[in-house]
Protein chains: 2
Amino acid sequence: MDVMTLPALTSHSLADQAYRALRAAIIGGDLRWGAKITERGLAASLGVSPTPVREALRRLEQEQLVERTGPRSLRVATVSPKARTESGIIEAALEGVAARFAAEKATERQLAELERLLDTADEAAFLLRADRDAGRTLNPVQVERIFDAVRTFHAGVEAAADNAQLARALEQVRAFSRNERLSIASAQLAVSSPGQLRRYGQHREILAAVRDGDPERAEQLARTHAASAAADLAGWDA
Amino acid sequence: MDVMTLPALTSHSLADQAYRALRAAIIGGDLRWGAKITERGLAASLGVSPTPVREALRRLEQEQLVERTGPRSLRVATVSPKARTESGIIEAALEGVAARFAAEKATERQLAELERLLDTADEAAFLLRADRDAGRTLNPVQVERIFDAVRTFHAGVEAAADNAQLARALEQVRAFSRNERLSIASAQLAVSSPGQLRRYGQHREILAAVRDGDPERAEQLARTHAASAAADLAGWDA
DNA sequence: TCTTTCTATATGCTATAGCAAATGGGACGA
DNA sequence: TCGTCCCATTTGCTATAGCATATAGAAAGA
């Protein structure tokens with residue numbers, strides 16, 4: 001038998017589903033930081049027995065998305081400013097490494113895709129600037145569009161780096177240092193804050209370095225870029 | 001009540017014990033790569049029911065120390081050369097970050113401890129060199145001593161960096177890219193291979209940069225140092 | 001000798017029951 | 001009003017049973 005499509009090894013066990021659901025709920029903000037959780041309570045909410053929920057909680061605990069307050073009590077992890085700063089440092093370093101290897105290994109097709117994404121983002125940014133200059137409220141569709149394009153750009157750089165372990169490490173650290181709420185807020189500010197605007201422009205510079213095959217410069221730019229974004233985020237919750 | 005000592009929150013649940021035992025067995029080589037494992041089998045070996053073992057296996061699976069070969073079968077993860085190389089890249093980058101922050105934040109006491117460790121290692125290295133020059137077999141006690149000192153040195157740099165997330169990320173990636181067997185072999189070669197000898201000398205350079213408070217240089221040296229070691233390890237299993 | 005088919009067994013997954021211990025609120029006392 | 005003690009309830013942890021399905025080896029055929 002020849003392999004035509006990947007076997008889709010997605011285990012659909014209840015434990016897996018519970019894990020994904022809880023993780024998404026925590027990162028997405030539906031389960032707020034510090035919220036008390038119980039195995040039986042979550043099991044009832046999800047409509048399953050406590051066993052698979054327990055398994056999911058263990059995995060989340062390993063990711064530090066769930067923490068213990070005592071021997072018999074759990075809660076959604078609270079992220080201290082210090083922890084957020086620490087994660088930001090790591091994230092920046094890893095993004096730098098991703099850009100470095102993207103510069104070494106990116107294919108022409110990948111480069112074209114990255115360029116297309118930035119064009120899309122620029123287009124949305126242009127429309128948003130028009131909104132702002134005319135005193136209109138920002139079009140949420142375009143806000144979402146620019147946000148998605150930028151996020152996909154970063155994902156594309158990681159993909160071009162072709163390092164599965166790196167992608168995995170980045171996903172871990174991101175889940176911890178960021179949540180969707182903050183990211184969306186960040187995107188909404190992207191067209192107004194001068195600092196954010198400058199940072200937005202850096203995407204083009206990173207891509208240029210990647211395209212030129214200049215790993216040193218690509219790493220330097222991407223790392224500074226990510227560190228700056230992380231520093232801003234860190235300043236938001238005093 | 002005032003806090004005198006930390007409460008020692010070490011949960012002694014069977015699931016935790018099973019996790020630690022299995023993790024140590026995998027990293028230490030007692031459970032070899034690719035070995036088939038079953039919940040019931042391990043449970044019998046450990047003398048507990050399958051439930052806590054299952055929990056441990058899930059956590060190990062999350063760390064990629066255990067992998068699935070099919071919907072109903074597990075084995076100790078096999079580490080491909082590619083994965084090892086990828087992890088080595090990440091490890092090097094993170095060790096560089098650790099050295100950078102150590103250079104920024106290390107206390108005098110920490111610097112003295114790092115120096116003491118390198119003195120200890122040098123002492124052992126001197127004795128081993130004497131063994132070699134005299135044609136004697138290397139004294140295993142001194143081999144162990146130099147190995148421990150170097151390992152503790154790296155741990156000390158991480159501690160000086162004072163970044164819990166970084167330490168955690170490093171532990172993850174190390175468990176994946178390295179095992180004790182290889183490390184010990186590496187230490188045994190430390191006094192004979194020219195490349196290893198040169199690398200051994202880099203510890204002093206890293207410490208000097210840290211002591212001088214030169215983050216840029218410290219990061220550069222530590223990263224190169226770790227990358228070189230990882231590259232050697234990667235070449236050992238064709 | 002190699003491939004395929006089939007079936008008995010083994011295995012992972014889920015639910016449930018029960019235990020020992022922590023938790024939290026209320027009663028009592030200062 | 002505040003702090004301490006106490007007990008009923010809750011909660012995490014473990015063991016066990018059973019189910020559906022994957023697995024591996026034997027048997028049959030090429």
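Proteins get letters first, then strands, A, B, ... in listed order; numbering begins at 1 in each.
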Would you say A/E61 and A/R58 make side-chain contact, with heavy atoms under 4.5 Å? yes
Figure out the CZ/P separation between A/R54 and C/dT16, and round it to whole Å. 17 Å
For D/dT23, does OP1 or OP2 lie under 4.0 Å from any side-chain N or O of B/S73? yes
Holding to ring-ring contact (aromatic ring centres under 6.0 Å, His included), I want the full list of residues that pass it with A/Y19, two or more places apart in sequence or in another chain. none
Of the nucleotides C/dT23, D/dC13, C/dT14, which has the atom closest to the A/R58 side chain? D/dC13
Report yes or no: is there a donor-acceptor pair, N or O only, under 3.5 Å between the side chain of A/T51 and the base of C/dT16? yes
In this structure, CD1 of A/I90 is separated from OG1 of A/T85 (nearest 0.5 Å) by 11.0 Å
Closest to the A/R68 side chain, choosing from C/dG12, D/dG12, D/dA24: D/dG12
Nucleotide nearest A/K36 (side chain, heavy atoms from C-beta), chosen from C/dT16, D/dT23, C/dG24: C/dG24
Distance in angstrom units between A/L74 CG and D/dT10 C1', rounded: 13 Å
Rounded to whole angstroms, how far apart are CG on A/L46 and C1' on C/dA15? 15 Å
Check every strand shown and say whether A/L57 touches a base, only sugar-phosphate, or nothing at a heavy-atom separation below 4.0 Å. nothing
What is the distance, to the nearest angstrom, from the CD1 atom on B/I37 to the P atom on C/dA10? 19 Å
Kindly say whether, by distance alone, the side chain of A/R40 makes a donor-acceptor pair under 3.5 Å with the base of D/dG12? yes
Side chains of B/Q17 and B/H12: is there a donor and an acceptor less than 3.5 Å apart? no
Value in whole Å for how far the C1' atom of D/dT23 lies from CD of B/E39: 15 Å
What is the distance, rounded to the nearest whole Å, between atom CG of A/L14 and atom P of D/dT21? 13 Å
Check the pair A/R199 / A/S228 against side chain to side chain donor-acceptor pair (under 3.5 Å), numbers first and verdict last. CA-CA 8 Å; A/R199 204 150 56 225; A/S228 167; 2.5 Å; yes
Would you tell me if any nitrogen or oxygen in the side chain of B/R72 comes within less than 4.0 Å of OP1 or OP2 on D/dA20? no
Residues at least two apart in sequence or cross-chain that pass ring-ring contact (aromatic ring centres under 6.0 Å, His included) with A/F153, listed by chain then number, are A/H203
Looking only at side chains, do A/R145 and A/Q142 share a donor and an acceptor under 3.5 Å apart? yes
Gap between atoms CD and C1', on B/E55 and D/dA15 respectively (whole Å): 13 Å
Using five base pairs at each end, measure the axis-to-axis angle across the helix from C/dT1-D/dA30 to C/dA30-D/dT1 and round it to 10 degrees. 20°
d(NE2, A/H12; P, C/dT14) in whole Å: 12 Å
